[in-house]
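Every chain is numbered from 1, with letters handed out A, B, ... down the list of sequences.
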Amino acid sequence: MSDAPEKETVTPTNFLRQIVEADLTSGKHTTIITRFPPEPNGYLHIGHAKSICLNFGLARDFNGRCHLRFDDTNPAKEDVEFTESIKESVHWLGFDWGEHLYYASNYFEQLYQWAEHLITTGKAYVDDLTAEEIRQHRGTLTEPGTQSPYRNRSAEENLDLFRRMRSGEFADGAKVLRARIDMASPNINLRDPVLYRILHASHPHTGDAWCIYPMYDFAHGQSDAIEGITHSICTLEFEDHRPLYEWLLNNLPVPHQPRQYEFSRLNLSYTVMSKRKLMQLVQDRDVRGWDDPRMPTLVGLRRRGYTPESIRTFCERIGVGRSDSWIDMSILEESVREDLNERAPRAMAVLSPLKLVIENYPAGEDEEFIVANHPQNAEMGTRAVPFSRELWIERDDFMEEPVKGFKRLSPGQEVRLRAAYIIHCTECIKDPAGNVVEVRCTYDPETKSGLPGAERKVKGVIHWVSAPHALDAEIRLYDRLFALPNPSGDDWKQQINPDSVEVLTGCKLEPSLKAAAAEKRFQFERNGYFCVDMKDSTPASPVFNRTVTLRDSWTKR
RNA sequence: UGGGGUGUAGCCAAGCGGUAAGGCAAUGGACUCUGACUCCAUCAUCCCUAGGUUCGAAUCCUAGCACCCCAGCCA
């Protein structure tokens with residue numbers, strides 16, 4: 001009956017969606033097939049999430065499919081450790097490749113045959129030049145390259161040599177197979193690119209079956225062709241490779257002609273995204289591992305408390321384009337807040353405890369308040385929160401001499417204890433050094449939360465935890481990993497934010513948090529969103545990670 | 001000084017010759033038993049610059065300028 005317009009979730013368009021739409025309506029394709037092709041040499045990060053959401057999202061929205069393909073052509077750098085983690089992260093993010101799990105290494109035999117085909121047709125040759133010599137012959141950006149003296153070997157000789165390369169006759173680096181294209185091409189990728197190199201290394205997936213391995217360029221397009229990929233989407237730095245991608249497809253009897261499209265990779269402020277740098281942070285112990293909650297890896301974000309939904313929302317919001325861009329961290333942060341605000345049950349936790357004593361509350365007595373788990377969603381239920389004469393409150397919620405605009409507790413002032421009573425501060429007690437160690441106050445029994453007539457307005461509301469009932473916990477406060485928006489240069493590690501993690505012990509939690517399961521997320525009222533650490537937390541000594549703070553329009557001033 | 005790209009608000013990003021969507025950030029206000037949430041309002045006479053075509057240009061043309069990528073037997 002409502003006239004309210006449907007709240008439709010519009011997926012923002014982008015040039016790739018338009019291409020896919022056009023290809024489908026024109027009949028160029030009846031279904032689309034995309035792929036996400038990680039190299040198993042590291043953990044997935046938020047930049048990969050952009051690609052995953054793009055590729056799997058396109059397939060999902062246009063009733064196609066998306067393959068997960070490991071681009072495992074370099075056994076020197078790859079490891080099974082990474083393939084399991086990658087699969088888990090893709091699933092965690094919410095995508096499923098179904099039966100379509102592939103490895104480029106599954107195509108090694110076919111690729112080899114195609115290499116022989118190239119040799120036979122005079123379009124590839126075995127080169128004996130060293131890596132250094134090949135580099136010198138390549139020319140420069142402004143000068144053409146020069147031909148290798150081995151460039152004009154006969155097809156028969158090349159075939160013989162290539163077969164002997166395969167059989168293991170030569171040492172690493174002794175020979176390579178190169179495409180014969182154009183040493184004078186202005187596109188350096190076309191100056192007789194290396195197709196195969198000798199690598200006497202055991203492969204995580206093919207074992208010792210091979211001692212020659214195809215280069216990326218010789219594996220990727222053909223793998224796309226074998227799988228029937230219609231739209232092969234990669235990042236901008238591969239744009240220069242597209243002529244080579246197409247040259248190979250045009251010169252080989254492939255079963256299908258995929259098309260490559262490029263988009264700009266994600267840059268996120270205050271963090272780093274390159275695998276090399278992430279690896280270095282882990283190896284140098286600047287962080288506690290790939291899943292350190294400060295890392296932009298998916299395992300790190302997960303441990304930090306980010307939800308898969310929030311990361312998908314983030315990827316939708318930032319869009320897909322071709323211009324270099326730096327996404328502000330606040331977009332990622334706002335994406336989790338939005339998700340967690342709706343889904344995280346509320347609880348009270350005091351991070352930096354200050355004792356508060358209610359002088360007119362009978363000693364030794366206590367009571368329970370039934371508190372809603374979510375202020376806007378009654379379906380999330382209620383919980384019992386104990387109250388007593390001695391409470392913990394946040395140190396920051398008391399100021400002996402309040403600054404202008406301070407709405408919390410100070411001598412002579414009153415404030416509401418969330419879900420409980422209004423209290424009036426009488427005095428504070430200090431240690432010999434002058435530090436406030438205890439706050440004294442009185443309460444008004446008539447103002448008990450929920451009581452008729454208890455809605456008297458007070459300027460502030462603070463959270464609290466009953467001291468005798470409190471649970472002790474460790475809480476880890478995380479902040480951005482780097483102090484500068486774009487950590488770069490040789491001294492990029494000098495730019496690590498020294499306060500990127502602050503470990504608080506002796507924090508006080510309300511007792512309902514006792515049985516919280518690993519990864520369970522909460523909003524600690526007025527403090528932020530927190531989750532139970534999936535590795536270090538135990539029922540006896542709980543550990544929480546701060547995912548993100550609440551927006552704060554007060555301390556900002 | 002070769003080749004390939006990109007330039008729309010502080011950060012992203014729609015726009016596809018008919019008179020600048022949206023999000024994040026920011027600002028002001030309302031509401032509030034979370035200084036949260038929510039809500040309302042403000043935020044590009046202008047689209048890298050300069051010319052040109054056109055009744056009309058961010059969109060087309062020309063010439064510049066700035067920035068990014070490419071010289072791994074990495075991907």
Measure from the side-chain heavy atoms of A/Ser323 and tell me the nearest of B/rC24, B/rC37, B/rU6.
-> B/rU6
Do A/Gln523 and B/rU34 share a donor-acceptor pair, side chain to base, under 3.5 Å?
-> yes
Is A/Thr140 touching bases, backbone alone, or none of the nucleic acid, heavy atoms closer than 4.0 Å?
-> base
A/Glu239 and A/Tyr261: side-chain hydrogen bond (donor to acceptor under 3.5 Å, both in side chains), yes or no, with the steps?
-> CA-CA 8 Å; A/Glu239 189 158 25; A/Tyr261 299 92; over 6 Å; no
Given atom CG of A/Leu278 and atom P of B/rC74, what is their separation to the nearest angstrom?
-> 21 Å
Pull up the glycosidic torsion of B/rG72 and say syn or anti, syn being anything within 90° of 0.
-> syn
Among the nucleotides B/rA71, B/rG5, B/rC74, whichever has the atom closest to the side chain of A/Lys77 is B/rC74
Would you verify whether the NZ or CZ of A/Arg69 falls within 45 degrees of the ring axis of A/Tyr103 while also being under 6.0 Å from that six-membered ring's centre?
-> no
Hey, does the side-chain of A/Arg408 have a donor or acceptor N/O within less than 3.5 Å of a partner on the base of B/rG35?
-> yes
Atom CZ of A/Arg418 and atom P of B/rU32 are separated, to the nearest Å, by 14 Å
For atom C1', what is the distance between B/rG15 and B/rA20, given to the nearest Å?
-> 8 Å
Which of B/rG23, B/rC12, B/rC74 is nearest the side chain of A/Trp326? It is B/rC12
From the candidates B/rC68, B/rC73, B/rG35, the one with an atom nearest any side-chain atom of A/Val461 is B/rG35
Pairwise P distance, B/rC47 and B/rC60 [rounded to whole Å] = 15 Å
Ranking B/rC74, B/rC37, B/rG15 by distance to the side chain of A/Gln18, first place goes to B/rG15
Separation of the C1' atoms in B/rG4 and B/rC55, to the nearest angstrom = 39 Å
Considering only side-chain heavy atoms of A/Arg526, which listed nucleotide, B/rA13, B/rU34, B/rC74, is closest?
-> B/rU34
From B/rA71, B/rC12, B/rC69, nucleotide with atom closest to A/Ile188 side chain | B/rA71
Using the C1' atom in both, what is the distance from B/rG23 to B/rU19, to the nearest Å?
-> 24 Å
Closest of B/rA75, B/rG4, B/rG2 to the A/Thr142 side chain is B/rG2
Please state the C1' separation for the pair B/rC33 and B/rU45 - nearest whole angstrom.
-> 47 Å
Taken to the nearest whole Å, CD/A/Glu39 to C1'/B/rC74 is 7 Å
Between B/rU59 and B/rU6, how far apart are the P atoms? Round to whole Å, please.
-> 16 Å
Short side-chain donor-acceptor distance under 3.5 Å, A/Tyr245 and A/Gln222 = no
Side-chain donor-acceptor contact under 3.5 Å, A/Arg35 with A/His220 | yes
Rounded interatomic separation in angstrom, taking CE from A/Met348 and P from B/rU34 | 12 Å
Between B/rG17 and B/rC61 - C1' atom distance, rounded Å = 13 Å
Could you work out which one of B/rC33, B/rC70, B/rG7 sits closest to the side chain of A/Asn189?
-> B/rC70
Could you tell me the separation between the CG atom of A/Asp217 and the P atom of B/rC73, rounded to a whole number of Å?
-> 11 Å
Crowded around A/Arg265 CZ? As in, over 12 foreign heavy atoms under 6.0 Å?
-> no
When only distance counts, do a donor and an acceptor, one from the side chain of A/His241 and one from the base of B/rA75, lie under 3.5 Å apart?
-> yes
Check whether the aromatic ring of A/Tyr216 stacks on the base of B/rA75, taking stacking as ring centres less than 5.5 Å apart and planes within 30° of each other.
-> no
Quick one: does A/Asp552 reach the base of B/rG35 with a side-chain donor-acceptor pair under 3.5 Å?
-> no
Stepwise side-chain hydrogen bond (donor to acceptor under 3.5 Å, both in side chains) check, A/Arg259 with A/Ser232 | CA-CA 6 Å; A/Arg259 252 289 242 156; A/Ser232 181; over 6 Å; no
Choosing from B/rG3, B/rG5, B/rU34, which nucleotide comes nearest the side chain of A/Leu236?
-> B/rG5
How about A/Leu54 and A/Leu16: do any of their side-chain heavy atoms sit closer than 4.5 Å?
-> yes
Quick one: the side chain of A/Ser449 and the base of B/rC33, do they pair up donor-acceptor inside 3.5 Å?
-> yes
Quick one: A/Asn377 CG to B/rC37 C1', roughly how many Å, whole number?
-> 13 Å
Interatomic distance at C1', B/rG51 relative to B/rC65, whole Å = 14 Å
